[in-house]
Protein chains: 2
Amino acid sequence: MGSSTGGRPPVMADVAKAAGVSHQTVSRVLNDHPNVRAETRSRVLEAIDRLGYRRNMVARALVTRHSRTLGVVSFDTILYGPASTVYGIEQAARDAGYFVSIVSLRTIDRAGMRDAVNYLIEQGVDGIVVVAPQRSAASALEDLSPGIPIVAVEGGHTGQVPVVCVDQAEGARLATAHLLELGHETVWHIGGPQDWLEAEGRIEGWRDVLTAAGRKIPDVLPGDWSPRSGYTAGRHLAGMADQISAVFVANDQMALGVLRAFTEEGVRVPDQISIVGFDDIPESEFFSPPLTTVRQDFGAVGRHSIDVLLGQIEEGAAEVLERFVVPPDLVVRGSSAPPGA
Amino acid sequence: MGSSTGGRPPVMADVAKAAGVSHQTVSRVLNDHPNVRAETRSRVLEAIDRLGYRRNMVARALVTRHSRTLGVVSFDTILYGPASTVYGIEQAARDAGYFVSIVSLRTIDRAGMRDAVNYLIEQGVDGIVVVAPQRSAASALEDLSPGIPIVAVEGGHTGQVPVVCVDQAEGARLATAHLLELGHETVWHIGGPQDWLEAEGRIEGWRDVLTAAGRKIPDVLPGDWSPRSGYTAGRHLAGMADQISAVFVANDQMALGVLRAFTEEGVRVPDQISIVGFDDIPESEFFSPPLTTVRQDFGAVGRHSIDVLLGQIEEGAAEVLERFVVPPDLVVRGSSAPPGA
DNA sequence: AGTGAGAATGTTAGCGATAACACTACCGAA
DNA sequence: TTCGGTAGTGTTATCGCTAACATTCTCACT
């Protein structure tokens, strides 16, 4: 390591000298340029190996003006949904030969979003994926003119930025329709936090189906994705269990809280009340009873968002303001059944 | 945007010209150099604002030889533990004025680890945190001479690299001792995957306590962290429920699977069998019954790992081969009780 | 042998910032 | 007045790489 470079990490010029060629030839070998004699190439590779040379991508990025790095702005990366989405993005980016730099916002506000995006641009990323499930985050994107390609995941249709998302309303329709088909008179709903677009979409789909079927539309019970908020809502519903036969809960964690509350209150699921969740977290299959839920394909979301972003970066596609929608799936398990079963 | 710079994003020289100073003075303003007249500073800031100038950190990193970016190598970032750890690292790094670049390994092997570390070094990161909970990952670090500061999280004590981790054995001791104190004759254990150091540590602590108390040590039942593997083990245990009164499960997800299996088989928890988990995932409190478990402070792990890393980077601390251990906490809930309660 | 095309290699000029040093202006002390 | 110190600013070199152009070498073909 560093032999004959005076302790300092070797640079391209050191390799060039060691191999008896010019630094440009070393660069050509590294970049798979065709016009290099096989013998020269192997001599260079041998020198690289011998010196333990590593290319300085910072210098490279300075002159090529791209870094093959994508920025990701995220929020609440411990929740199953965002974590899975970020993971999907990271894998898709890597498959495409890009790496990712991540900024996790602690709070969603215009200033935080602007700082995060600016930071990533200063770092020289080639494009940015914003995982912006809140309305405020999505709108913070609007008055940002980043000057580089950007794509929003799970964000609203702002008209400024292409969006990739799961069809939340469709998932809610599947869940609600499933319960109506089982014979339930109507379906109650425990919603997610106000500001979240996903929560909105799920309310919308649920309401659509009830409206179309001409059923009574109960008030939405408030929740914040946490099991505790589901528990609280569940206690409330248990108190009026005789008027309720089916609940669509906006995510699986809250559904767990509801199950817990029902268990405590002696409300039997699905005999007295059916429950359907959303997300299909790995735990759902092992709830008691196993949870009927709506699965989101986060891997597909990640792949699509990278596709859209690279489309802008590499083809310089002229502002393709698209909206990619990934369909959800209903997974039927033991928590839903015909009423009074 | 880009006014008078010909469509191209403005560089420092453009700002200098606009403000009627040299580019060096602009640099001084940006770096809070003291010897700049207040009037000059505000003129420069005004020009920066007017042109929409953003500093090019790539060029800056080239000459300063540091990027204020840390690399993180991780694995299985959807699991609650790794996700929380990575989140903790990211927040701690940001508080210290650093940003993070993340590589999520799909599989743990020597080559993958080497590539990830090499990539991050090429990108010019100032240091690397490796979240390496497997034995194979930890050992892959050994024959790596990265030439830059590095710290392992949840990794083994390789002797090459400082390590920050939660005291797994202690957590297991707390769990096992808790069950013995309740009066159980002995405690069964469902373990994590073979290769994981955390799984090993938990087995060690569990065995320690049983040995010290002179109790029979049952065979470890195999698991892989997934609820399903817990379910499988749970079915097995349910078949011999009359010989068993307490089970320590290596993580909460598997404990959920065990609960499910017991529910199906009519084994009552905690009346017939007590269960203790590990991790304290947000769901545990709402299992039926709520799960007694061991809480890990992932935020503290993240903060400590950044402290250790920055210690090496900024003080150039001469290879402080330390081992920081974060203590776990026992959280007692409804799944554990005296035998035959 | 002479020629020209193309392959293989070398030389020079940046990329956009900071470091190091040079210079000017101004101050108070000798 | 003259000098030295320092605050404020400018000039030049440099980080390690690639782009663009220049040069040499090979070889087929006239």
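Below, chain A is the first sequence line, B the second, and so on; all start at residue 1.
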Visitor: Between D:dG16 atom C1' and B:Arg65 atom CZ, what is the distance in whole Å?
Guide: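 One finds 9 Å between C1' of D:dG16 and CZ of B:Arg65, rounded.
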Visitor: Please check if any side-chain donor atom of A:Asn118 sits under 3.5 Å from a side-chain acceptor atom of B:Arg55, or the reverse.
Guide: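 No, because no side-chain N or O of A:Asn118 sits under 3.5 Å from a partner of the opposite role on B:Arg55.
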Visitor: How close or far is atom C1' of C:dT18 from atom CE of B:Met12, stated in whole angstroms?
Guide: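 It works out to 8 Å between those atoms.
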Visitor: Between B:Tyr53 and C:dG16, is there a side-chain N or O to OP1/OP2 distance below 4.0 Å?
Guide: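 Looking at the OP1 and OP2 atoms of C:dG16, neither is under 4.0 Å from any side-chain N or O of B:Tyr53.
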Visitor: Going by an N to O cut-off under 4.0 Å, is there a salt bridge joining B:Asp95 and A:Arg106?
Guide: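 A salt bridge links B:Asp95 with A:Arg106.
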Visitor: Which atom pair, heavy atoms only, marks the closest approach of A:His23 to A:Ala16?
Guide: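 Closest approach of A:His23 to A:Ala16: N-CB, 3.5 Å.
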Visitor: Would you indicate what B:Val21 reaches in the nucleic acid, counting non-hydrogen atoms under 4.0 angstrom: base, sugar-phosphate, or nothing?
Guide: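 Sugar-phosphate, backbone atoms only, no base.
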Visitor: Establish, with yes or no, whether the OP1 or OP2 oxygen of D:dG10 is under 4.0 angstrom from a side-chain nitrogen or oxygen of B:Thr25.
Guide: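 Answer yes for this pair, as a side-chain N or O of B:Thr25 is under 4.0 Å from OP1 or OP2.
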Visitor: Would you say A:Arg60 places a side-chain N or O within less than 4.0 Å of OP1 or OP2 belonging to D:dT18?
Guide: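 Checking A:Arg60 against D:dT18: at least one side-chain N or O falls below 4.0 Å of OP1 or OP2.
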Visitor: Name the one of A:Val151, A:Leu120, A:Ile313 that satisfies side chain to side chain contact (heavy atoms under 4.5 Å, CB included) with A:Leu70?
Guide: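 Single pass found, and it is A:Ile313.
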Visitor: Please figure out whether A:Ser27 or B:Leu62 has its closest DNA chain D nucleotide nearer the 5' end.
Guide: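 Taking each residue's closest nucleotide, the earlier one in sequence belongs to B:Leu62.
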Visitor: Return the value, rounded to whole Å, for the distance between atom NE2 of A:His23 and atom P of C:dT11.
Guide: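 Going from A:His23 (NE2) to C:dT11 (P), I get 8 Å.
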Visitor: Check this one for me: any side-chain N or O of B:Asn35 less than 4.0 Å away from OP1 or OP2 of D:dG8?
Guide: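 The answer is yes; a side-chain N or O of B:Asn35 sits under 4.0 Å from OP1 or OP2.
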